[in-house]
Amino acid sequence: MNVQAVMDFGIFTFGELTRSDTGSALSPGQRLKEIIELAKLADQAGLGFMGLGEHHRHDFALSAPEIVLAAIARETTNLRLSTAVTVLSTQDPVRLFEQFATLDLISDGRAEIIAGRGAFIESYPLFGHDTADYDGLFDEKLRMLLELRDNAVLNWKGDLTQSIPGMDIAPRPLQEKLPVWVGVGGTPASFARAGRLGLPLFIALLSGPERFRRLAALYRESADEAGHDAAALPVGVGGHFYAAATSQQARDTFYPHYRAYFEQNMPRNVDHFPRSTFDDWSDPGGGLLVGSPQQIIEKLLVIQQTLGNTRYMAQIGLGGLPFAETARSIELLATEIMPAVNRELGASAA
């Protein structure tokens, strides 16, 4: 039986290169090829979205996600293709728009941008920016990106960006209006800004959903006050994910990899990530979606009731999790979790 899609489901990855207990990690080339294969699997399984992060450190393979998304575009048919997120503060908005307009043409209209300020700050000195301008850069570049999207000829007076005296912005994307989302963590000003601009919101669910209830309300209030239809604005939620047949299997399999991810690949690495913390985060009310399909279904329904999101994006393959385990987790998301959540949401709506 076909289930009406009330919520859109997808996956994303930062392409981290986590060392195993033996000290070895996949090479960047191996990891990129693995990511393309996982995207093909997600597309074939019926998921709707693939996002790639942007990092500029030796322990990540994805510093140029737009290129990898273009490769994925030629191997898939239906997946929406996006960064998750673009560190817009240290990007040239003109070049970024050109790249995604090109991706949109290659993919027959499947490109999106999720723009954020970035929790990792290595790109600021790398590309000649000052972290003192952290918020100002993002604000100005986001406004510039929206002008680029809406105008084939751009007049722009920049303060922290270049000025553009009526120049062509080409090529234009296939979509009439290239989707631009704002990725947020937990800063109220970021939620309010996305609402004022009337942009779709992507929430990085780093803890349980209750912490974000008021922030999601602030986003919608800010949208309404600015004259936007808040009820029509998409909200996406994303977080760390792993599904297995049983809760115990999921936790026992995933914990060593999740611990390695925290101890090696976070902005500020953790000396030790205990199993007790992992279990607390995996319990009901926590932000970590690790467990059996039924447990994850129940968590997703609580998240949706709390935040009103219309998209869920699972961050997959963390901490050097083997390809086969990641692939199986994606299959469970697509074949068991997604249909059940949409069935429950559809019944509630009816």
Side-chain angles (χ1 to χ4, degrees), residues 1-13 42 45-49 51 84 185-186 201-217 234-255 257-259 261 273-319 321 325-350:
M1 180 181 68
N2 292 329
V3 177
Q4 180 66 35
V6 181
M7 188 187 297
D8 179 31
F9 281 76
I11 59 172
F12 72 103
T13 178
L47 295 177
F49 175 89
L201 187 74
F202 167 55
I203 302 171
L205 201 65
L206 304 177
S207 63
E210 194 58 41
R211 174 180 172 238
F212 295 90
R213 182 192 292 273
R214 180 69 193 107
L215 294 170
V235 172
V237 168
H240 302 158
F241 174 93
Y242 177 69
T246 68
S247 171
Q248 197 64 46
Q249 179 186 345
R251 294 190 185 198
D252 290 346
T253 299
F254 194 54
Y255 169 67
H257 301 285
Y258 201 60
R259 173 183 171 181
Y261 175 75
F273 185 77
R275 175 67 185 255
S276 58
T277 300
F278 172 82
D279 286 333
D280 287 344
W281 291 4
S282 302
D283 284 342
L288 180 55
L289 269 67
V290 171
S292 68
Q294 184 58 41
Q295 288 175 312
I296 292 174
I297 290 163
E298 291 168 3
K299 271 196 166 184
L300 285 170
L301 291 172
V302 171
I303 290 169
Q304 201 281 332
Q305 291 162 8
T306 306
L307 303 177
N309 55 299
T310 53
R311 174 183 281 183
Y312 174 73
M313 296 176 272
Q315 187 173 355
I316 47 89
L318 288 159
L321 187 72
E325 296 289 348
T326 303
R328 178 58 181 154
S329 184
I330 291 172
E331 289 174 355
L332 289 172
L333 176 65
T335 61
E336 295 191 27
I337 297 168
M338 178 174 67
V341 169
N342 278 322
R343 188 162 48 244
E344 289 291 331
L345 294 178
S348 297

Checklist entry - Which is it for Val290 and His240 under the side chain to side chain contact (heavy atoms under 4.5 Å, CB included) test, yes or no, and what are the steps along the way? => result CA-CA 8 Å; Val290 171; His240 302 158; over 6 Å; no
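- The ring pair (Phe, Tyr, Trp, His ring centres under 6.0 Å) with Tyr242 is formed by just one residue from the set Tyr255, Tyr261, Phe254, Tyr258; it is Phe254.
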Next on the checklist: Test side chain to side chain contact (heavy atoms under 4.5 Å, CB included) on Gln315 and Phe12; report intermediate values, then the result.
Outcome noted: CA-CA 5 Å; Gln315 187 173 355; Phe12 72 103; 3.4 Å; yes
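- Annotation: the span from Leu301 atom CG to Ile296 atom CD1 amounts to 12.0 Å, rounded to 0.5 Å.
- Distance check, rounded to the nearest 0.5 Å: CE of Met313 to CG of Leu205 gives 11.0 Å.
- Residues Ala334 and Pro339 approach most closely at O-CD, 3.3 Å, considering heavy atoms.
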Checklist entry - Given Phe9 and Leu300, is the side chain to side chain contact (heavy atoms under 4.5 Å, CB included) satisfied, shown in steps? => result CA-CA 11 Å; Phe9 281 76; Leu300 285 170; 3.8 Å; yes
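- Taking CZ of Phe273 as the reference point, atom CH2 of Trp281 lies at 4.0 Å (rounded to 0.5 Å).
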Next on the checklist: One pair to check against side chain to side chain contact (heavy atoms under 4.5 Å, CB included): Asp280 and Thr277. What are the steps and the verdict?
Outcome noted: CA-CA 5 Å; Asp280 287 344; Thr277 300; 5.5 Å; no
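- Ionic pairing of Arg328 and Glu331 is present here: one or more N-O contacts between side-chain nitrogen and carboxylate oxygen are shorter than 4.0 angstrom.
- Across Ala243 and Phe241, no two heavy atoms sit closer than the pair CB-CZ, 3.8 Å.
- Remark: Gln305 CD to Leu345 CG distance equals 8.0 Å, nearest 0.5 Å.
- In this structure, the separation between CD1 on Ile316 and CG on Leu333 is 10.0 Å, given to the nearest 0.5 Å.
- To the nearest 0.5 angstrom, Asn342 atom CG is 12.0 Å from Ile337 atom CD1.
- Between Thr306 and Arg213 there is a side-chain heavy-atom pair separated by less than 4.5 Å.
- Contact detail for Ser292 and Ala245: the closest heavy-atom pair is CB-O, 3.8 Å.
- In terms of modelled atom types and a separation under 3.5 Å, the side chain of Lys299 and the main chain of Gly287 share no donor-acceptor contact.
- Under a 3.5 Å cut-off, the side chain of Ser329 and the backbone N or O of Glu325 do not form any donor-acceptor pair.
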